[in-house]
Number of protein chains: 2
Amino acid sequence: MARWEPDARGRLLQAALDLFADQGYEATTAAEIAARAGLTRTTLFRHFADKREVLFQGQSTLVSTATAGVRSAPADASALEVLRCALRALADEHVPAQQEIGRRIDAIVATSPELQERAAAKRASIAAAVADALALRLGDPRPAGVLADLGVRAYYDGFAAWTGPRAGEPLAAVVLEELAALLAALSAALDPADA
Amino acid sequence: MARWEPDARGRLLQAALDLFADQGYEATTAAEIAARAGLTRTTLFRHFADKREVLFQGQSTLVSTATAGVRSAPADASALEVLRCALRALADEHVPAQQEIGRRIDAIVATSPELQERAAAKRASIAAAVADALALRLGDPRPAGVLADLGVRAYYDGFAAWTGPRAGEPLAAVVLEELAALLAALSAALDPADA
DNA sequence: GTCTATACAATGATAGAC
DNA sequence: GTCTATCATTGTATAGAC
C-alpha cells in the first residue's frame, strides 16, 4: 500500500482547472491549487517548475516526440512524407480522453496573457524541434523551417478541430487532412491564375 | 533645462544590456538595472510591465505596424504582394543603429529560457497580427496563416542576417530576398521532380 | 507629468526533518 | 516523496515629492 495517494500531477491539474475556471488564473495561488489536490505548495513546485506548467504538463513530451517522429521516417521518404511521419507521432500522443481537458485548458489560456506566452513558447519549441530534425535530413535549413511551420500549424489547427466539431475522428487523420488543406490553400494563394 | 535626464527607457536598456552581459539575466535584479540608469526600481516598473520588457521595448510597435502594413497594400495587390507590403513596413521600423543592440539582445536572450519565452510570444503576436489582417483581406484564414508564418520567418531570418554578415544592405531588401528564397526552397521541397 | 518611498501578496529557491 | 520554514525577488498599489 502506497504511503501517498498516487498521481499527484494529475490531481494538481484537476485542481488547477477547477480553480482557474472558478476564480481566474491570476487570482488563484499555488498554495490553493496544492491544498485542493491534498498537497502543499512546496510539493507542487517539486513536480512543476512553475505554476503554468501544471496546465501544460501534457505537452512536456511533444518536443522529443517530434524529433523522434522525423527520425522514424523511412530513408527514402520525401520531405513531405517525413513531415507527415512527425505529425502522426505527435497525434499519437493524445487519446480521446484528453479532448475534454484540452477544451478546458484552451478556455483558461484564452483568459491570461501569461498563459498565452507559455503556449506560444511551447509551440515554438515544437516547431524548432521539427525544423532542426528536418534540416538534418534535408541538409538545408530553409525548407526545413518552412515545412516545420506548416506542419505545426496543421497540428494545432487539427487539434483544435479534434477537441471541437471533429471529436469523433482520429486525431492523426484530422491533422493530416488539415496539412493537405493548408498546402492547397497556399498553392491557390501563390498562383492566383488557378481560379 | 529639464528636471530629469531624458530617455529613461533608453538608459534602462543600456544598463540592462551591460548588467545582463556581465552577471547574467537571472543574477541581475530590477533594482540594479534602475540604479545603473540613475533611477529607482519603482520607476523601472512605471516604464515597463516587467523586467523582460526592458530588453524587448524595441518590438513594442511591431504588431500594429504589421497590421497597418497589410492594410496599406493596394486594393488590387496579390496575396504575396500584400505580404511584402507588411514586411517592408516591419523592416522600416529599424535603422542601422539598432544592429549592434540587436546583436547584444540576441546574445543575452540565448542564455535565458525566460527571455526566449518572451521572444517566442512576441514573434507569435506578430504572426497572429499578419494572419488576422491577411485573413480579412483574403476572406480565408488558411492561406492567411500559412503566408503569415512564411513572412514572419523571412523577417526574423532576414533580421538576423542584417545584424550579421549583411549589415551593409537595407533590411527590407534582405528580408524580401529571404522571402523569395524560402518560397523557392518550399517549391523545391514539395516537388522533388524539379531536381 | 515624471520620479520616489513604502508596504504588500505571491513566486520560486533552498535547507533540513520525517 | 512529502512537509515546515525561511528567504530574495518580482510585480502591484498607494501615497506623496519636485
Side-chain angles (χ1 to χ4, degrees), chain A residues 1-20 22-57 60 108-109 111-119 121-122, chain B residues 1-20 22-57 60 108-109 111-119 121-122:
Chain A
M1 192 160 149
R3 270 194 290 185
W4 303 281
E5 294 301 319
D7 194 22
R9 287 178 170 84
R11 289 199 327 273
L12 286 164
L13 173 59
Q14 284 299 330
L17 285 172
D18 292 345
L19 290 169
F20 292 166
D22 217 49
Q23 317 172 341
Y25 168 77
E26 302 217 319
T28 304
T29 68
E32 288 178 289
I33 300 167
R36 179 179 256 255
L39 297 167
T40 63
R41 206 184 76 100
T42 311
T43 306
L44 183 152
F45 283 115
R46 257 187 47 76
H47 284 282
F48 300 107
D50 55 46
K51 200 173 119 184
R52 285 168 258 171
E53 276 304 296
V54 179
L55 274 191
F56 289 103
Q57 57 180 289
S60 59
I108 292 164
V109 169
T111 69
S112 157
E114 205 172 329
L115 292 174
Q116 286 161 35
E117 188 161 309
R118 174 59 53 86
K122 294 275 184 191
Chain B
M1 194 162 156
R3 272 193 290 186
W4 300 281
E5 295 301 317
D7 194 23
R9 286 178 170 84
R11 285 191 342 262
L12 286 164
L13 173 58
Q14 285 299 331
L17 285 171
D18 292 345
L19 289 169
F20 292 165
D22 215 51
Q23 318 172 340
Y25 168 77
E26 300 217 322
T28 304
T29 68
E32 288 178 288
I33 300 167
R36 179 178 257 255
L39 297 167
T40 62
R41 204 185 79 101
T42 309
T43 306
L44 184 152
F45 284 114
R46 263 184 44 76
H47 283 283
F48 300 107
D50 55 48
K51 200 172 120 185
R52 304 185 266 300
E53 275 303 296
V54 179
L55 274 191
F56 290 104
Q57 57 179 289
S60 60
I108 293 164
V109 169
T111 68
S112 157
E114 207 173 330
L115 292 174
Q116 286 161 35
E117 188 161 311
R118 175 60 52 86
K122 294 275 184 191

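Chain letters run A, B, ... following the sequence lines, proteins first and then strands; every chain starts at 1.
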Atom [atom1] of [X] and atom [atom2] of [N]: how far apart are they, to the nearest Å?
X         : N       : atom1 : atom2 : result
Leu44(A)  : dT11(C) : CG    : P     : 9 Å
Phe45(A)  : dT2(D)  : CZ    : C1'   : 16 Å
Glu26(B)  : dA13(C) : CD    : P     : 8 Å
Arg118(B) : dT10(D) : CZ    : P     : 14 Å
Tyr25(A)  : dA10(C) : OH    : C1'   : 11 Å
Asp7(B)   : dG1(C)  : CG    : P     : 20 Å
Arg41(B)  : dA7(C)  : CZ    : C1'   : 11 Å

Helical bend (five base pairs per end, nearest 10°) for the helix from dG1(C)-dC18(D) to dC18(C)-dG1(D):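 Taking five pairs per end, the axes differ by 20°.
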
Do you know which two heavy atoms are closest between [X] and [Y], and how far apart they sit?
X         : Y         : value
Glu26(B)  : Lys51(B)  : O-NZ, 4.2 Å
Leu12(A)  : Ala37(A)  : CD2-CB, 3.7 Å
Ala119(A) : Val109(A) : CB-CG1, 4.4 Å
Gln23(A)  : Thr28(A)  : OE1-OG1, 3.0 Å
Arg11(A)  : Gly38(A)  : NH2-O, 4.5 Å
Leu115(A) : Leu55(A)  : CD1-CD1, 3.8 Å

Under-4.0 Å salt bridge between Lys122(A) and Glu53(A):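 Looking at Glu53(A) together with Lys122(A), the answer is yes, because their closest N to O distance falls below 4.0 Å.
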
Please report, to 0.1 Å, the donor-acceptor pairs under 3.5 Å made by any side chain of residues 41-49 of chain A, with sequence neighbours excluded.
residue	atom	partner	partner atom	Å
Thr43(A)	OG1	Thr40(A)	OG1	3.2
His47(A)	ND1	Arg9(A)	NH1	3.2

Selection: residues 46-54 of chain B, any non-hydrogen atom under 4.0 Å of DNA chain C: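 Close to the strand are Arg46(B), His47(B).
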
OP1 or OP2 of dC3(C) under 4.0 Å from side-chain N/O of Thr40(B): no

Any residue meeting salt bridge (charged side-chain N to carboxylate O under 4.0 Å, His left out) with Asp18(A), in chain and number order, not counting sequence neighbours: Arg36(A), Arg104(A)

Nucleic acid contacts of residues 8-17 of chain B, taken as heavy-atom distances under 4.0 Å to DNA chain D: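 The answer is none.
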
Atom pair CZ (Phe20(B)) and OG1 (Thr111(B)), whose distance is rounded to the nearest 0.5 Å: 9.0 Å

Separation between OH of Tyr25(B) and CZ of Arg52(B), rounded to the nearest 0.5 Å: 5.0 Å

Could you list all N or O pairs between the protein and nucleotides 14-18 of chain D that sit under 3.5 Å apart?
residue	atom	partner	partner atom	Å
dC18(D)	O2	Arg3(B)	NH1	3.1

Of Leu39(B) and Thr29(A), the one whose closest DNA chain C nucleotide lies more 5': Leu39(B)

Sidechain-backbone polar pair: Glu117(A) side chain, Glu114(A) backbone, donor-acceptor under 3.5 Å: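 Not a single qualifying donor-acceptor pair exists.
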
